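Keep in mind the model is a prediction, meaning the values are calculated, not measured. In what follows, every chain begins at residue 1, and chains take the letters A, B, ... in the order their sequences are listed.
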There are 2 protein chains.
Amino acid sequence: MVTLAEVARHAGVSASTVSYVLSGKRTISARTRERVERSIRELGYHPNAGARALASSRSNIIALMMPLRTDMYLPVMMEIAIAVATTAREHAHDVLLLTGQEGPEATRRVVGSGLADAMILMDVELEDERLPLVRETRRPAVLIGLPADTGELTCVDLDFAETGRQCVSHLAGLGHREIAMVGEAAAVYERRTGFAERTILGVRERAAELGVRVLHRPCEGSYESMAGTLSRIFDERPGTTAIIVQNEAVIGPMLSLLRQQGRAVPEDISVVAVCPEQVATQQSVALTSVAIPAFEMGQRAVELVMDRLRPDAVLAPAGTHTELLPPTLTVRASTGPAAGVPVSHAPANGAR
Amino acid sequence: MVTLAEVARHAGVSASTVSYVLSGKRTISARTRERVERSIRELGYHPNAGARALASSRSNIIALMMPLRTDMYLPVMMEIAIAVATTAREHAHDVLLLTGQEGPEATRRVVGSGLADAMILMDVELEDERLPLVRETRRPAVLIGLPADTGELTCVDLDFAETGRQCVSHLAGLGHREIAMVGEAAAVYERRTGFAERTILGVRERAAELGVRVLHRPCEGSYESMAGTLSRIFDERPGTTAIIVQNEAVIGPMLSLLRQQGRAVPEDISVVAVCPEQVATQQSVALTSVAIPAFEMGQRAVELVMDRLRPDAVLAPAGTHTELLPPTLTVRASTGPAAGVPVSHAPANGAR
DNA sequence: CTGAAAGCGCTAACAC
DNA sequence: GTGTTAGCGCTTTCAG
């Protein structure tokens, strides 16, 4: 194994010079720098990570903790993980992947051992058991998702309340007055993973403002439960002309079922989805949707972490910082004027 | 930060004793051990990862490299990653997540710096550019997937050829004589990611043996392309009575389209899928399928790595070792006797 | 069964 | 602009 000392000897300089060439923390003459860089290349030198971590007390690793709740939509998790790893590398850091099975103590182990300089927590619950440990850590930490109490925490998430509002506004603008919302599995609400609740709150708020009726029904991930949910919706509210769906697993089944029932999208029923772009565009009808900006979420989380990791960063407790990414509703082929409402002159009040 | 020296002082023993209590590499009297363990607990001691790595030249980290080709099915990747992380922790190791963007050099960086003790490579192509580096490394490495030349490599994968054979055997046993195979996107075949080719080879082999005709068509991930593929299949081979599908993204659309066309599953057309269990069971018709054992693949990969990481392991080059997991075909509701074949007395050999 | 002490390879003062 | 050197915290001989 090639060491820094060997490089130094080969280049005819001292160890510290090699170190400084590597870190750029002091000015080096062009001549020396070149000699050193040449030696590094010729010898195939790679700085030893352990030694570096020990001497600098920085591992250049950030931990990404993702519990594996079975009802989470994996592709989104995956995309966030990829974004985190990619962005971290741009900042010369690596990513350590922690799963939930160790429990909250993984936090302590990884940070306590200096294995990671900071951490990013995914799939945060409203009352997350990891939060006490995060609050007492002096290491930078960023949550992806919003807990009930964000005090003293740094959080990144999509603005789901605004997402809900935009969905309703869009539909109301098309004349819809009776809307159903197909939500995540009941377990997601019970666990109180904030995002699902925040969406429905936003939906209800805007609906109240615009005089729209809303029926909210959670739905499991299977074809059958979608069938059941759908028939209950039309039983209870035969006048339903639009559906907002926030549950990736059942989007395909829903469209398939609507077609079977002879309900045309968007002529008879409009559909707005809250889901990744890819899911929205790959259906039989391209869906009007609000995208889940998974990549941006992971990216921002890393950037926030890196800010607090800068050498000159304040060491004070982080303070409270919440960053809600603005949702964007993209109109595609699945939404249109409410049945019975003339295409033009669609009255905004829809009153009869 | 609490150090081993502080623990030693607190417990009234020497540093080496504390170290040995931790590692169990020498026998310690019960009394001393307890005192040390107590001190560790009271002081909240966590061994410093960097120091440990430096002194022992073992980081206890294994790198997991997953290129992010856009056409891969993310949930399977994710499940493998989770399996790797989980299994690694059971062996007191952590997992470093590497994405493809750095190119093959990431291998060199991570292993050369001693950041990782070993690596697991996912999504291996037939002529993978990472292989030369893997072969020259002295660190243990395991591939998930099979390259064209497995010489001197350790590989784990599902036995896709046998998977293909089992699908055909099952259908032939039900009397089907005209089978279509809907495969992955053309790009997957062009990249020559072995698994897709191996499946169709197995399909063709068994089909030849049993006198079954096979039509193979790749298919992109969208609803439209599935529609196109399906109509081409029935145009070219109107007598098709069964479909094997190996493309998670279009399974839902396929079932939906068949229903629209008035083809009942399994009465008019039988469907066998190669996909994760969850996908097979959540469709409108529970699918007869061969599961992708993602978790097992990740798990075996870690175990193989750990074998070669044992202190007493031979340091010789690994040699060639390929482990193909046996496929299991589970019969569900989507396959039945070929149309025109009597339900009972369906001859197992299918001969007429 | 336990201690003492020599590094592991690098960083970052401190000198000049 | 460069060199010298004292650790960083742990593992592991070597002694007893």
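Sorted by first then second residue, the side-chain hydrogen bond (donor to acceptor under 3.5 Å, both in side chains) pairs that include residues 96-105 of chain A, not counting sequence neighbours, are A/T99-A/Q101, A/Q101-B/T86, A/E102-A/R109, A/E102-B/R89.
Put simply, the side chain of B/Y20 reaches to within 4.5 Å of the side chain of B/I28, judged on heavy atoms.
Atom CD of A/E34 is separated from atom C1' of D/dG1 by 15 Å (rounded to the nearest Å). Regarding B/R26, its CZ atom lies at a distance of 9 Å from the C1' atom of D/dT12, rounded to whole Å.
A/R135 CZ: more than 12 foreign heavy atoms inside a 6.0 Å radius.
Contact between the side-chain N/O atoms of B/T32 and the OP1/OP2 oxygens of C/dC1 is not found at any separation under 4.0 Å. The side chain of A/T17 contributes no N or O atom lying less than 4.0 Å from OP1 or OP2 of D/dG1.
Residue-to-nucleotide contacts include no donor-acceptor pair under 3.5 Å from the side chain of A/R9 to the base of D/dG3.
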**Q.** Per-nucleotide protein contact string for nucleotides 5-12 of chain C, where B marks a base within reach and S marks sugar-phosphate only (heavy atoms under 4.0 Å, - for neither)
**A.** --BBBBSB

Q: Could you give me the CA-CA distance, side-chain angles and deciding distance for B/E296 and B/R300, then say whether salt bridge (Lys or Arg N to Asp or Glu O under 4.0 Å) is met?
A: CA-CA 6 Å; B/E296 286 78 358; B/R300 277 308 290 155; over 6 Å; no

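Taken from CD in A/E90 to CD in A/Q299, the straight-line distance is 7.0 Å, to the nearest 0.5 Å.
Partners of B/V111 according to the side-chain contact (heavy atoms from CB on, under 4.5 Å) rule, which considers only residues two or more places apart in sequence or in another chain, are B/M119, B/T137, B/R139.
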